[in-house]
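In listed order, ligands and their atoms are each counted from 1. When reading the values below, keep in mind they use all heavy atoms of this one structure, side chains included, and skip hydrogens, waters and symmetry mates.
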Amino acid sequence: MAYNYQRIIIKIGSNVLTQKDGLPDLKRISHLVEQMAAIKRRGVEVVLVSSGAVASGRSLISISEKYDSVATRQLFASIGQVKLINTYAHEFEKFNILCSQVLVTKEDFRDRLHYLNMKNCLKILLQHHVIPVVNENDVVSVTELMFTDNDELAGLIASMLNAQALIVLTNVDGIYDGDPNSENTRVIEEVSGNTIDFSAFVSSGSSQFGRGGMITKSTMAQKVAQLGIAVHIANGTKENILVDVLENTAPHTYFIPSKSSSGKKKWIAHAGNYAKGIVQVNEGAKAALTSAKASSLLPVGVINIISDFKKGEIIKLVDENNKSIGLGIAQYGSDKAAEMAGKKNQKPLVHYDYLYLEN
Ligand SMILES: Nc1ncnc2c1ncn2[C@@H]1O[C@H](COP(=O)(O)OP(=O)(O)O)[C@@H](O)[C@H]1O
Ligand SMILES: N[C@@H](CCC(=O)OP(=O)(O)O)C(=O)O
């Protein structure tokens, strides 16, 4: 049965867009754009998350080896992003479609205001039938400020926009149950829940031009599917792949979406990786939070403020053994929380609607 999505995020990896010699594969980009145009004509909203800036830049300029890897990456990305977006703009124009450039950093997902600005911008672009082309702002995102890779970024965008599906195009047919180059392995066609430990058969390295590798794709895909968004991992080097995935005629890996959760909880679940504040709660609070009943975190159950936070920031909640329980948005800052810790009849530190529990 074909998938009937209204809003999809398509992520294309560097390897799909790059030839073996490192030059951009213009024919493939053109073919992918043609498919996206066809999908869009059916009334589906499309957001593209495209890698390829660094690979594009590498093909345009050669530099001596004396520069460090960070500076080299910045140079390649800054030059290459121009080439990449121009190529997309030119190809989409053939179908009378406007595309736009949206460059983001991890910081934009940490701060709720930045997050909402980004979300509003993407929404107005979609309302005007534009295809946003999102990439990490590699010029300013270096070292610890970087996303693991664009798969992580695509997952964040999918949950931010409440997309129904995320299609990740890479250079293999999906996740294999072993080495994809071995004859005895096959593509895992369906993944349900989050019980599979992919590290058992997915090797940690990435391919020639990729960054995070298949392991980050599988971790991200499980998390996104848990938030109620279908994830398809498929081979972007294959003819007609996007159309075939949506028609359900191409073998690939499909992560079944679980029942959906609220938009705010989706944000917390994802952006929580970047939480700075940490609050320790006692066993009573832990039991209340993890029970079937919807409970907010009250100051009476707080025993320690391990690291500071401001009102509105995401905080991590840990138990008496420092084991993580979940995440939430603080209703007030750490100074006030420290004052109220252990006291009864106080305003909740985290309201249930802004609480995301890990299990
Ligand atoms: N079990 C596995 N199944 C599929 N691919 C795997 C597996 N283990 C490792 N890989 C590697 O992961 C690579 C894709 O990840 P990555 O290099 O990040 O690609 P992209 O540029 O598309 O993001 C594949 O080329 C493949 O060699
Ligand atoms: N932002 C980088 C992409 C880095 C990345 O995650 O690449 P990939 O693993 O191929 O999706 C670029 O445009 O080159």
Side-chain angles (χ1 to χ4, degrees), residues 9-20 22 24-25 28-29 32 48-60 69-70 72-85 87-88 101-106 133-142 145-157 166-182 184-189 191 196-221 231-238 241 251-253:
I9 313 299
I10 297 171
K11 186 265 169 173
I12 310 184
S14 311
N15 287 293
V16 176
L17 304 171
T18 316
Q19 302 176 89
K20 283 199 178 68
D25 193 332
R28 180 157 302 135
I29 297 177
L32 288 165
L48 174 60
V49 176
S50 179
S51 301
V54 175
S56 273
R58 195 179 287 120
S59 74
L60 294 170
S69 60
V70 173
T72 306
R73 189 174 147 270
Q74 286 174 305
L75 174 77
F76 286 158
S78 185
I79 298 168
Q81 179 65 25
V82 179
K83 170 94 177 169
L84 185 68
I85 202 74
T87 307
Y88 277 123
Q101 173 175 272
V102 179
L103 297 179
V104 301
T105 67
K106 204 155 109 169
V133 182
V134 185
N135 196 359
E136 180 168 14
N137 189 343
D138 296 301
V139 170
V140 291
S141 301
V142 292
L145 296 173
M146 282 159 70
F147 294 104
T148 310
D149 61 13
N150 269 356
D151 299 312
E152 184 189 12
L153 170 58
L156 286 163
I157 298 278
L166 165 61
I167 303 178
V168 177
L169 295 183
T170 183
N171 62 346
V172 284
D173 285 355
I175 304 180
Y176 284 74
D177 56 5
D179 179 355
N181 297 315
S182 154
N184 306 320
T185 57
R186 53 166 205 98
V187 170
I188 301 168
E189 294 207 359
V191 180
I196 300 184
D197 177 12
F198 287 98
S199 62
F201 41 81
V202 175
S203 55
S204 55
S206 67
S207 50
Q208 197 183 0
F209 302 107
R211 188 149 100 201
M214 195 51 85
I215 202 81
T216 57
K217 279 188 224 323
S218 40
T219 316
M220 174 280 292
V231 183
H232 302 262
I233 299 182
N235 193 337
T237 69
K238 278 191 166 167
I241 188 69
H252 69 281
T253 305

| Lys11 versus Ile167: any side-chain heavy-atom pair under 4.5 Å? |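 In short, these two side chains do not touch, never coming nearer than 4.5 Å.
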| task | Indicate yes or no: at least one non-hydrogen side-chain atom of Val191 is less than 4.5 angstrom from one of Ile196. | result |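 In contact.
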| Under a 4.0 Å N-O cut-off, is there an ion pair linking Lys238 with Asp173? |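 Yes, charged N to carboxylate O under 4.0 Å.
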| field | Partners meeting ring-ring contact (aromatic ring centres under 6.0 Å, His included) with His232 (sequence neighbours left out) | value |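 With neighbours one apart ignored, the set is Tyr3, Tyr5, His252, Tyr254.
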Taking N or O atoms only and a 3.5 Å limit, does [X] qualify as a polar contact for ligand 2?
X	answer
Ala55	no
Ser51	yes
Ile12	no
Ser14	yes
Ser50	no

| query | Of all the heavy atoms in Asn15, does at least one lie under 4.0 Å from an atom in ligand 1? | reply |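 It does; at least one heavy atom falls under 4.0 Å.
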| request: Could you tell me whether Val172 approaches ligand 1 through its side chain, its backbone, both or neither, with non-hydrogen atoms closer than 4.0 Å? | output: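 The answer is the side chain.
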Applying a heavy-atom cut-off of 4.0 Å, say which part of [X] lies close to ligand 2: side chain, backbone, both or neither.
X	answer
Gln81	neither
Asp138	side chain
Asn135	side chain

| request: Return the set of residues passing side-chain hydrogen bond (donor to acceptor under 3.5 Å, both in side chains) with Asp197 (not counting sequence neighbours), or none when no residue passes. | output: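 If we apply the side-chain hydrogen bond (donor to acceptor under 3.5 Å, both in side chains) test to Asp197, skipping adjacent residues, the hits are Ser199.
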| Are side-chain N/O atoms of Asn150 and Ser51 paired as donor and acceptor at under 3.5 Å? |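 Indeed, the side chains of Asn150 and Ser51 share at least one donor-acceptor pair under 3.5 Å.
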| query | Under 3.5 Å, is there a donor-acceptor pair linking the side chains of Asn135 and Gln81? | reply |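 Looking only at side-chain atoms, Gln81 and Asn135 do form a donor-acceptor pair, the distance falling under 3.5 Å.
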| Close approach, Ala77 and ligand 2, non-hydrogen under 4.0 angstrom |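 Heavy atoms of Ala77 never come under 4.0 Å of ligand 2.
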Run the numbers for me: atoms of ligand 1, each under 4.0 Å from some heavy atom of [X], listed by number.
X	result
Lys11	23 (O)
Thr170	14 (C), 19 (O), 20 (P), 22 (O)
Asn171	14 (C), 24 (C), 25 (O)
Gly174	3 (N), 4 (C)
Ser14	21 (O)

Check ligand 2 against [X] and write out every atom of the ligand that is under 4.0 Å from a heavy-atom position of the residue.
X	answer
Gly13	10 (O), 11 (O)
Asp149	6 (O)
Lys11	8 (P), 11 (O)

| Check: Leu75 main-chain N/O paired with Ser78 side-chain donor or acceptor under 3.5 Å |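 A pair under 3.5 Å: no.
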| said: If we ignore hydrogens and angles and just use 3.5 Å, is the side chain of Thr185 paired with the main-chain N or O of Ser182 as donor and acceptor? | reply: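 The answer is yes, because a donor-acceptor pair under 3.5 Å joins these two groups.
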| said: For the OG1 atom of Thr216 and the CG atom of Asp151, what is their distance to the nearest 0.5 Å? | reply: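 The CG atom of Asp151 is 4.5 Å from OG1 of Thr216, to the nearest 0.5 Å.
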| message | As an exercise, state the distance from NZ of Lys217 to OG1 of Thr148, rounded to the nearest 0.5 Å. | response |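 Result: 11.5 Å between the selected atoms.
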For [X] and ligand 1, does the shortest N/O to N/O distance drop below 3.5 Å?
X	answer
Asp149	no
Lys217	yes
Gly178	yes

| query | Closest approach of Leu84 and Ala53, non-hydrogen atoms and distance? | reply |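 Heavy atoms of Leu84 and Ala53 come nearest at CD2-N, 3.8 Å.
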| field | Nearest non-hydrogen partners of Thr253 and Ile175, listed with the distance | value |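 Reported closest heavy-atom pair: OG1-N, 2.8 Å.
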